[in-house]
Amino acid sequence: MKLSTEFYQREDVVLIAEELLGKYLYTRINGELAAGIIVETEAYRGPEDLGSHAYNHRRTPRNEIMYAAGGVVYMYICYGIHDMLNIVTGHEGSSHAVLIRALEPVEGIELMRERRKILTDDRKLCKGPGALAKAMGLNKSHNAISLQGDTVWIEDKGFNPDPDKMVATSRIGLNISEPYKSIPWRFYIANNSFISRK
DNA sequence: GCGACGATCATCT
DNA sequence: GATGATCGTCGCG
């Protein structure tokens, strides 16, 4: 069943990032279904988080959707090339989000191979935020879509990783100062071979 | 298997 | 005009 609006609209974005591990992300783009288990996430907690696009209440056309009520998608382009998938959380007016960083593919794997042009190693299909967006058929045009719809959604299949198999560590790729540089707001499933890196 | 590096452009100042 | 919440390739060994 789909995760509820209440799940997303809680204020503790760090907890939500952790709880998203083991959930199933689905897309149906042009009628084609793809799915994967979320194995790696990062929390971004606006407005106090230096790493967040909403740091210090920053509000621009790009990040406007971060201020919507939780349960919608925030897509943006990084390095001019890569589309990133984020889950907006919290109540309307707050600006938290969770970056989905890696999936373990479970459905539509052939479709992912076509989209990614990787035929040999399925572990690379959804390895990293830019890669998984491409594999799942997501791009900036999907910004602001609701997770209660039938284009992008997340399901709880009753599978939860052991708490002691969840690793919390520092986020990747941020060129910022302490303490946010090394605060442990990145989560992944230990020993999973589909994460972007250790 | 791993580190270095260049690609590439939307976005903000 | 500068800057990335990155990725694929290359060289190495």
Side-chain angles (χ1 to χ4, degrees), chain A residues 8 13-18 20-21 25 36 38-68 70 72-90 94-105 112-145 152 154 167-188 191-198:
Chain A
Y8 299 112
V13 65
V14 178
L15 178 66
I16 294 174
E18 187 170 10
L20 281 173
L21 294 181
L25 175 70
I38 298 173
V39 298
E40 180 180 346
T41 62
E42 283 178 1
Y44 287 85
R45 196 163 84 180
E48 73 269 27
D49 176 4
L50 256 179
S52 171
H53 289 171
Y55 174 65
N56 198 24
H57 304 279
R58 174 188 298 276
R59 194 161 183 159
T60 68
R62 178 178 68 163
N63 74 359
E64 175 66 28
I65 198 63
M66 296 182 84
Y67 292 85
V72 297
V73 157
Y74 169 40
M75 301 289 309
Y76 78 95
I77 295 178
C78 187
Y79 291 96
I81 311 171
H82 308 292
D83 292 281
M84 304 280 179
L85 169 65
N86 296 260
I87 308 303
V88 174
T89 74
S94 78
S95 54
H96 313 308
V98 177
L99 174 69
I100 308 299
R101 287 195 54 92
L103 304 176
E104 178 173 337
M112 294 183 189
R113 292 185 187 125
E114 289 171 24
R115 286 170 172 160
R116 294 271 290 126
K117 300 185 175 62
I118 292 180
L119 303 177
T120 53
D121 188 353
D122 288 349
R123 289 174 306 175
K124 294 182 179 174
L125 288 176
C126 299
K127 179 187 170 77
L132 83 86
K134 187 166 187 185
M136 296 292 281
L138 294 169
N139 57 58
K140 202 183 67 160
S141 75
H142 300 102
N143 188 51
I145 284 184
V152 196
I154 301 175
V167 181
T169 183
S170 58
R171 297 173 295 180
I172 291 178
L174 297 180
N175 194 13
I176 56 176
S177 55
E178 300 293 353
Y180 288 105
K181 181 180 178 63
S182 49
I183 198 165
W185 285 354
R186 171 175 176 244
F187 300 96
Y188 65 86
N191 303 317
N192 185 284
S193 55
F194 296 86
I195 62 171
S196 66
R197 60 200 229 200
K198 303 209 167 175

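Note on naming: letters A, B, ... go to the chains in the order of the sequence lines (proteins, then strands), and numbering restarts at 1 for each one.
If you find the closest nucleotide of DNA chain B to A:Arg123 and to A:Tyr79, the one lying nearer the 5' end belongs to A:Arg123. Of the two residues contacting DNA chain C, namely A:Ile118 and A:Asn86, the nearest-nucleotide position lying further toward the 5' end is that of A:Asn86.
Here the C1' atom of nucleotide C:dC7 and the NZ atom of A:Lys117 are 14 Å apart, to the nearest Å. Here C:dT6 presents its C1' atom at 16 Å from CG of A:Leu138, a figure rounded to the nearest Å. Taking atom CG of residue A:Leu174 and atom C1' of nucleotide C:dT6, one finds them 12 Å apart after rounding to whole Å. In this entry the distance linking OH of A:Tyr76 with P of C:dT3 reads 17 Å, nearest Å. Going from atom CE of A:Met75 over to atom C1' of B:dT11 covers 16 Å, rounded to whole Å. Rounded to an integer number of Å, the gap from A:Lys124 NZ to C:dC7 P is 12 Å. One atom, CG of A:Asp83, and another, P of B:dC9, lie 13 Å apart when rounded to the nearest Å. Rounded to an integer number of Å, the gap from A:Lys134 NZ to C:dT6 C1' is 12 Å.
Listed pair A:Arg101 / C:dT6 meets the phosphate criterion, a side-chain N or O lying under 4.0 Å from OP1 or OP2.
Annotation: side chain of A:Val72 is not in contact with side chain of A:Asn143 (no heavy-atom distance under 4.5 Å).
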CA sep, side-chain torsions, deciding dist, call: A:Leu25, A:Val152, side chain to side chain contact (heavy atoms under 4.5 Å, CB included)
CA-CA 8 Å; A:Leu25 175 70; A:Val152 196; 4.1 Å; yes
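Heavy atoms of A:Arg197 sit nowhere under 4.0 angstrom from any nucleic acid atom. Note on A:Gly51: a base of the nucleic acid sits closer than 4.0 angstrom, heavy atoms only.
The A:Arg116 side chain lies nearest to C:dG8 when the options are C:dG8, B:dT11, B:dT13. Here B:dT11 is the nucleotide among C:dA5, B:dT11, C:dG8 with the atom lying nearest to any side-chain atom of A:Arg62. Here B:dA10 is the nucleotide among B:dT11, B:dA10, C:dG4 with the atom lying nearest to any side-chain atom of A:Ile77. Distances from the side chain of A:Lys140 to the nucleotides C:dA5, C:dC7, B:dA10 place B:dA10 closest.
Judged by the 6.0 Å distance and 45° axis criteria, A:Arg171 is positioned over the aromatic ring of A:Tyr44.
B:dT11 and C:dA2 make up a base pair, with Watson-Crick or G-U wobble contacts both under 3.5 Å.
The neighbour count for A:Arg116 CZ, taken as heavy atoms of other residues, nucleotides or ligands under 6.0 Å away, is above 12.
Defined by atom type and a distance below 3.5 Å, a donor-acceptor pair is present between the side-chain atoms of A:Ser196 and A:Arg101.
In this model, no side-chain donor or acceptor of A:His82 finds a partner on the base of C:dA5 within 3.5 Å.
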